[in-house]
Amino acid sequence: MATQKVVLITGASNGMGLEAAKVFAEKGWEVVAGARRVELIPASAHIMALKLDVTDSQSNADFVSAASDKFGRIDVLINNAGYGEYGPTEEISTDNAKYQFAVNYFGAVELTNLVLPLMRMQKFGRIVNISSVGGDVFMPLGAHYHATKAALQQWSDVLDMEVEPFGIRSVVVQPAGTKSAWRDVAFENAAKNVKENSPYAPLIAKLLAGFERFSGGATSEDLAKVFYKAATDEKPKMRYFNAFQDRVMTRIARVHPKLWRKFVKSQLMK
């Protein structure tokens, strides 16, 4: 057991996190899978399911302690937990915006800080931060979501430079549209955040219709394979994408923001 590889995965009860847990377990890793809805994580000889709320410091500490106590090592942490607090920026409450950061950003930071001492002792480790193309691209209703993903990427890059001397690397995965419930949850949140007689109601209707036209994308199984590659590459990259067009999308938005803005307005807001 001393040489068994161990991975911690947050947000492992559905979507990409769930499929990643299955992939790592199938490849012989010991998986410590955390989620609030722990009952949705499949039972397996190689999957230890634990209740985890990344916004709760004690829950994070218990999660990491359970893994290190059982296995004595942590090879990889995959910070996957996240969601979209969508809605007009003006109408999203400050509390909701702070919670968005608590889940998508500060949870990853806290969990990483908890695993780093053991990884330094081991002289190896990998932090895989699941961002989004939304860390570079931008569109209406997702202001706080985009902000969390951009923050996660900048933090990851700084962290990587700080921990590389200890044999640890921090990398970023940037999924684009996926065939999952993520979009539905995001727009449900948008509906909750919109005030009565909101001047932004027509914009939400346009964007929802626009997203329907562009439905589809990679599957959670596709992204789970990208997670595994990001965790195991001998020479890790700073960024991992599922498809070439995902990389192009982020490049255009970052280097040619006016062009990206025109694309969003012509394709999603017409």
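- Distance alone, capped at 3.5 Å, places no donor-acceptor pair between the D160 side chain and the D157 backbone.
- The number of heavy-atom neighbours closer than 6.0 Å to NZ of K225, taken from other residues, nucleotides and ligands shown, is 12 or below.
- Panel note: side chain N80, backbone T10; a donor-acceptor pair is recorded below 3.5 Å.
- The distance from atom CG of L52 to atom CZ of R36, rounded to the nearest 0.5 Å, is 10.0 Å.
- For the residue pair A33 and I47, the shortest heavy atom distance occurs at CB-CG2, 4.0 Å.
- Looking only at atom types and distance, the side chain of Q58 has a donor-acceptor partner in the side chain of D62 under 3.5 Å away.
- Within 6.0 Å of CD in Q154 there are 12 or fewer heavy atoms belonging to other residues, nucleotides or ligands.
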Intermediate values then yes/no, side-chain contact (heavy atoms from CB on, under 4.5 Å), H144 and N96: CA-CA 9 Å; H144 298 301; N96 284 4; over 6 Å; no

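- Here the straight-line distance linking atom CD1 of I41 with atom NZ of K51 works out to 9.5 Å at 0.5 Å rounding.
- Looking only at side-chain heavy atoms (C-beta outward), R251 and H256 stay at 4.5 Å or farther from each other.
- Q122 contributes atom CD, which lies 10.5 Å from atom CG of L116 (distance to the nearest 0.5 angstrom).
- A cation-pi arrangement is absent between K229 and Y240 under the rule of less than 6.0 angstrom and at most 45 degrees off the ring axis.
- One finds the CG atom of L40 at 8.5 Å from the CG atom of L18 (value rounded to the nearest 0.5 Å).
- Across K123, R126, R169, a single residue satisfies salt bridge (charged side-chain N to carboxylate O under 4.0 Å, His left out) together with E164, and that is R169.
- There is no path of hydrophobic side-chain contacts, each under 4.5 Å, that joins V54 to I9.
- Under the 4.5 Å side-chain heavy-atom criterion for Ile, Leu, Val, Met, Phe, Trp and Tyr, L8 and V171 are members of distinct hydrophobic clusters.
- Residues V264 and P140 form a side-chain contact, since some pair of their non-hydrogen atoms from C-beta on lies under 4.5 Å apart.
- Between Y99 and Y83, the ring planes lie tilted relative to each other; the angle falls in the 30° to 60° range.
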Derivation and outcome, side-chain contact (heavy atoms from CB on, under 4.5 Å), residues L223 and E19: CA-CA 8 Å; L223 269 303; E19 295 304 323; over 6 Å; no

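- Within a 6.0 Å sphere centred on CZ of R261, other residues, nucleotides and ligands contribute 12 heavy atoms or fewer.
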Trace of the side-chain contact (heavy atoms from CB on, under 4.5 Å) decision for W29 with T232: CA-CA 11 Å; W29 286 58; T232 59; 3.7 Å; yes

Criterion side-chain contact (heavy atoms from CB on, under 4.5 Å) on V115 and I127, from CA distance to verdict: CA-CA 9 Å; V115 303; I127 311 297; 3.8 Å; yes

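- A tilted orientation is assigned to the rings of Y86 and H146, their planes being inclined by 30° to 60°.
- Contact annotation: the side chain of V194 never approaches that of Y200 to less than 4.5 Å [non-hydrogen atoms, C-beta and beyond].
- For R239, the CZ atom sits in a packed shell: over 12 heavy atoms of surrounding residues, nucleotides or ligands are nearer than 6.0 Å.
- Aromatic ring orientation, F101 versus F106: tilted (interplanar angle from 30° to 60°).
- Between M16 and I130, the shortest heavy-atom contact is CE-CG2, 4.2 Å.
- With a 4.5 Å cut-off on side-chain heavy atoms, F241 and M249 do not count as touching.
- Between T250 atom OG1 and W260 atom CH2 the span is 9.5 Å, to the nearest 0.5 Å.
- Cluster annotation: L50 and V7 are assigned to distinct hydrophobic clusters (Ile/Leu/Val/Met/Phe/Trp/Tyr, side-chain heavy-atom contacts under 4.5 Å, transitive).
- Closest approach of P199 to P202, counting heavy atoms only: O-CD, 3.5 Å.
- At least one donor-acceptor pair closer than 3.5 Å links the side chain of Q4 to the backbone N or O of G28.
- Residues G135 and Q153 come closest through the heavy atom pair CA-OE1, 3.4 Å.
- Using modelled atom types and a 3.5 Å distance limit, the side chains of Q174 and D246 yield no donor-acceptor pair.
- S57 and N60 are not linked by any side-chain donor-acceptor pair at a separation below 3.5 angstrom, with hydrogens and angles left out of the test.
- P88 is listed as a side-chain neighbour of L141, based on a closest heavy-atom distance under 4.5 Å.
- By the 4.5 Å heavy-atom criterion applied to side chains, I252 and F263 are not counted as neighbours.
- Counting all heavy atoms, side chain and backbone alike, E91 lies closest to S198 at OE2-OG, 2.9 Å.
- Nearest approach of E30 to A45, heavy atoms of both residues: OE1-O, 4.1 Å.
- Residues V172 and V133 are members of separate hydrophobic clusters, defined by side-chain heavy-atom contacts under 4.5 angstrom among Ile, Leu, Val, Met, Phe, Trp and Tyr.
- If you chain together hydrophobic residues whose side chains sit under 4.5 Å apart, L159 and I78 never meet in one group.
- Of the inter-residue distances, the one linking N129 atom CG with N104 atom CG reads 11.5 Å to the nearest 0.5 angstrom.
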